[in-house]
J.: 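One structure, as structure tokens, below. Some questions next.
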Amino acid sequence: LGSALAWRGKMNNDMPTIEEGAKMCRESHARLANIFGAMHHETLGAAAAVGRALVKATRYAECETFCREQLAIAEDALGPEHPTSLELVEALARAVVMEGDQPVDDEVQTEALKLFHRALEGTCQALGPGHPNAVRTALHFARAKAEKHGATEEAHDLLSAAVDASARTIGDEHPLAVQCRELRDEIRMQLWGEDGPGDFDFGGGPIDDDNFEGAPGLGLRRGTAGPQHVEAMLAAAASSVTVAGR
């Protein structure tokens, strides 16, 4: 319920509702810690929800401290590539990327991109590219690339892969799919105007390297690709995207 309240508050730009949701997430995490212990996967899943709620509440420093503490516990208890650990990595990345704005700090921004990269690549491998966790991570990774680093073409192509992957799993009308599509279309308009660069077509057929225009920095190609290529495309977006300092 706390996560739902925080999300509704964010959609309505209602900070009191966001704060109420964040408080409920904190209380839920504390209760689960008392029942199951700090290292239980249910407790750590609730910790990830706290992190996301704190980001929505713009409490970035608090979120960063909390997520670093909880991530250390999760990596020890569940392993660094467990989906719950990766949820905490994503929440941490979202806090760090905003912390780097105050003022802009290149080193902090580089860490944020590395965290996003880790979360997206690991989640695609563990849960699949169309899982809500992967789509959410792709959305925020793309937003960071576009808004903080000016890598709008990379962001566009990452979002295009996420939109297609989500259509095959959670559906076109899922809120995460809608947000990915809207951000992709906004970036497309900024880059290319109404005509756009030509949509990705996932109608079928093999990839032919001679028939595709490369998408900079991503290893994605515009043209036709069957559903079997969607996972590879989103994984390529995670593994090939330029991350300063790597």
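As a basis for the values below, the full set of heavy atoms in this structure was taken, side chains included, without hydrogen atoms, waters or symmetry mates.
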J.: So which atom in Ala74 and which in Leu44 form the shortest heavy-atom distance, rounded to 0.1 Å?
T.: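 For Ala74 and Leu44, the tightest heavy-atom pair comes out as CA-CD1, 3.7 Å.
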J.: Would you say Val55 ends up clustered with Met15 if hydrophobic residues are merged whenever their side chains have heavy atoms under 4.5 Å apart, either directly or through other cluster members?
T.: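 No, Met15 and Val55 fall in different hydrophobic clusters.
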J.: If you define the side chain from C-beta out and look only at heavy atoms, does anything of Cys25 sit under 4.5 Å from Ser3?
T.: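 With C-beta onward as the side chain, the pair touches.
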J.: Between Asp172 and Ala167, what is the shortest heavy-atom contact and its length?
T.: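 Heavy atoms only, the tightest pair is OD1-CB, 3.1 Å.
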J.: Answer yes or no: is there an ion pair linking Glu90 with Arg118, defined by an N-O contact shorter than 4.0 Å?
T.: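 Judged by the 4.0 Å cut-off on N to carboxylate O distance, Glu90 and Arg118 do not form a salt bridge.
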J.: What's the spacing between Thr43 OG1 and Asn34 CG if we round to 0.5 Å?
T.: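 Going from the OG1 atom of Thr43 to the CG atom of Asn34 covers 9.0 Å.
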J.: Test side chain to side chain contact (heavy atoms under 4.5 Å, CB included) on Arg136 and Gln179 and set out the steps.
T.: CA-CA 9 Å; Arg136 183 183 63 234; Gln179 290 180 73; over 6 Å; no
J.: Do Glu186 and Leu159 come close enough that some side-chain heavy atom pair is under 4.5 Å?
T.: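 Side-chain contact under 4.5 Å: no.
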J.: Salt bridge check, Glu62 against Arg26: does any charged N sit closer than 4.0 Å to a carboxylate O?
T.: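 A salt bridge links Arg26 with Glu62.
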J.: What pair of heavy atoms forms the shortest contact from Ala146 to Ile187, and how long is it?
T.: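 Shortest heavy-atom separation between Ala146 and Ile187 comes out as CB-CD1, 4.0 Å.
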J.: With a 4.5 Å heavy-atom cut-off, do Cys124 and Pro129 have their side chains touching?
T.: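 Answer yes - side chains close enough.
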J.: Before giving the answer on side chain to side chain contact (heavy atoms under 4.5 Å, CB included), spell out for Arg8 and Asp14 the whole-Å C-alpha distance, their side-chain angles and the decisive distance to 0.1 Å.
T.: CA-CA 8 Å; Arg8 186 175 69 181; Asp14 180 355; over 6 Å; no
J.: Check whether any side-chain heavy atom of Glu75 lies under 4.5 Å from a side-chain heavy atom of His82, and answer yes or no.
T.: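 Result no, sub-4.5 Å side-chain heavy-atom pair not found.
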J.: Could you state the interatomic distance from CG (Leu176) to CD1 (Ile170), rounded to the nearest 0.5 Å?
T.: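 One gets 5.5 Å once the value is rounded to the nearest 0.5 Å.
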J.: If I take atom NZ from residue Lys145 and atom CZ from residue Phe116, how far apart are they, to the nearest 0.5 angstrom?
T.: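 Nearest 0.5 Å value for the NZ-CZ distance: 11.0 Å.
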J.: CD/Gln70 to CE/Met39 distance, rounded to the nearest 0.5 angstrom?
T.: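 That separation rounds to 11.0 Å.
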J.: Kindly say whether Val97 contributes a backbone atom to a donor-acceptor pair with the side chain of Gln109 at under 3.5 angstrom?
T.: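 Yes, because the side chain of Gln109 sits within donor-acceptor range (under 3.5 Å) of the backbone of Val97.
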J.: Transitively linked via ILVMFWY side-chain contacts under 4.5 Å: Leu54 with Leu115?
T.: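 Cluster IDs for Leu54 and Leu115 differ.
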J.: Please tell me if the side chains of Arg31 and Phe36 come closer than 4.5 Å, counting only heavy atoms from C-beta onward.
T.: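 When only atoms from C-beta onward are counted, Phe36 and Arg31 do not touch, as no gap falls below 4.5 Å.
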J.: Without swapping roles, check the side chain of Ser166 against the backbone of Val163 for a donor-acceptor pair under 3.5 Å.
T.: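 At least one qualifying donor-acceptor pair exists.
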J.: Is it the case that one hydrophobic cluster holds both Leu86 and Val135, taking links as side-chain heavy atoms less than 4.5 Å apart, direct or via other members?
T.: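 Cluster IDs for Leu86 and Val135 differ.
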J.: Checking Leu120 against Leu158 for the side chain to side chain contact (heavy atoms under 4.5 Å, CB included) test, could you report, in this order, the C-alpha distance in whole Å, the side-chain angles of both residues, the deciding distance, and whether it holds?
T.: CA-CA 11 Å; Leu120 180 56; Leu158 176 55; 3.9 Å; yes
J.: Looking at His41 and Leu78, what are the two nearest heavy atoms and their distance?
T.: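 Distance-wise, the nearest heavy atoms are CB-CD2, 4.0 Å.
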J.: As a quick check of understanding, evaluate side chain to side chain contact (heavy atoms under 4.5 Å, CB included) for Asn12 and Thr17, giving each step before the final call.
T.: CA-CA 9 Å; Asn12 295 327; Thr17 299; over 6 Å; no
J.: Looking at side-chain heavy atoms only, is the closest gap between Glu19 and Lys56 below 4.5 Å?
T.: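 No - every pair of side-chain heavy atoms lies 4.5 Å or more apart.
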J.: Quick check: do Leu71 and Leu92 have side-chain heavy atoms less than 4.5 Å from each other?
T.: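 Counting from C-beta outward, Leu71 and Leu92 do come under 4.5 Å.
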J.: Any pair with a residue in residues 13-33 that passes ring pair (Phe, Tyr, Trp, His ring centres under 6.0 Å), sequence neighbours left out, goes on the list, sorted by first then second residue, please.
T.: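 Of all non-adjacent pairs touching residues 13-33, those that pass ring pair (Phe, Tyr, Trp, His ring centres under 6.0 Å) are His29-Phe66.
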J.: Determine the minimum heavy-atom distance between Ile18 and Ala53, stating which atoms define it.
T.: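 Shortest heavy-atom separation between Ile18 and Ala53 comes out as CG2-O, 4.2 Å.
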J.: Mind listing the closest non-hydrogen atom pair of Leu32 and Ala46 along with its distance?
T.: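 Distance-wise, the nearest heavy atoms are CD1-CB, 3.6 Å.
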J.: Short question: side chain of Ser85, backbone of Glu81 - any donor-acceptor pair under 3.5 Å?
T.: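 It does not hold such a pair.
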J.: Should the pair Asp185-Arg181 be classified as a salt bridge under the 4.0 Å nitrogen-to-oxygen rule?
T.: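 No salt bridge links Asp185 with Arg181.
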J.: Could you check whether any side-chain heavy atom of Glu173 comes within less than 4.5 Å of a side-chain heavy atom of Val178, counting everything from C-beta outward?
T.: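 SC-SC contact between Glu173 and Val178 confirmed.
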J.: Does Asn13, at its CG atom, have more than 12 non-hydrogen atoms belonging to other residues, nucleotides or ligands within less than 6.0 Å?
T.: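 Count not over threshold, so no.
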J.: Rounded to the nearest 0.5 Å, how far apart are CH2 of Trp192 and OG1 of Thr152?
T.: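 Rounded to the nearest 0.5 Å, the CH2-OG1 separation comes to 7.0 Å.
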J.: Distance from Asp164 atom CG to Arg184 atom CZ, nearest 0.5 Å?
T.: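 Answer for the CG-CZ pair, Asp164 versus Arg184, is 9.5 Å.
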J.: Could you see if Met24 belongs to whatever hydrophobic cluster contains Val50? Use Ile, Leu, Val, Met, Phe, Trp, Tyr and a side-chain cutoff under 4.5 Å.
T.: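 Cluster IDs for Met24 and Val50 differ.
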J.: Hey, are His156 and Arg188 close enough side-chain-wise for a donor-acceptor pair under 3.5 Å?
T.: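 Short answer, yes.
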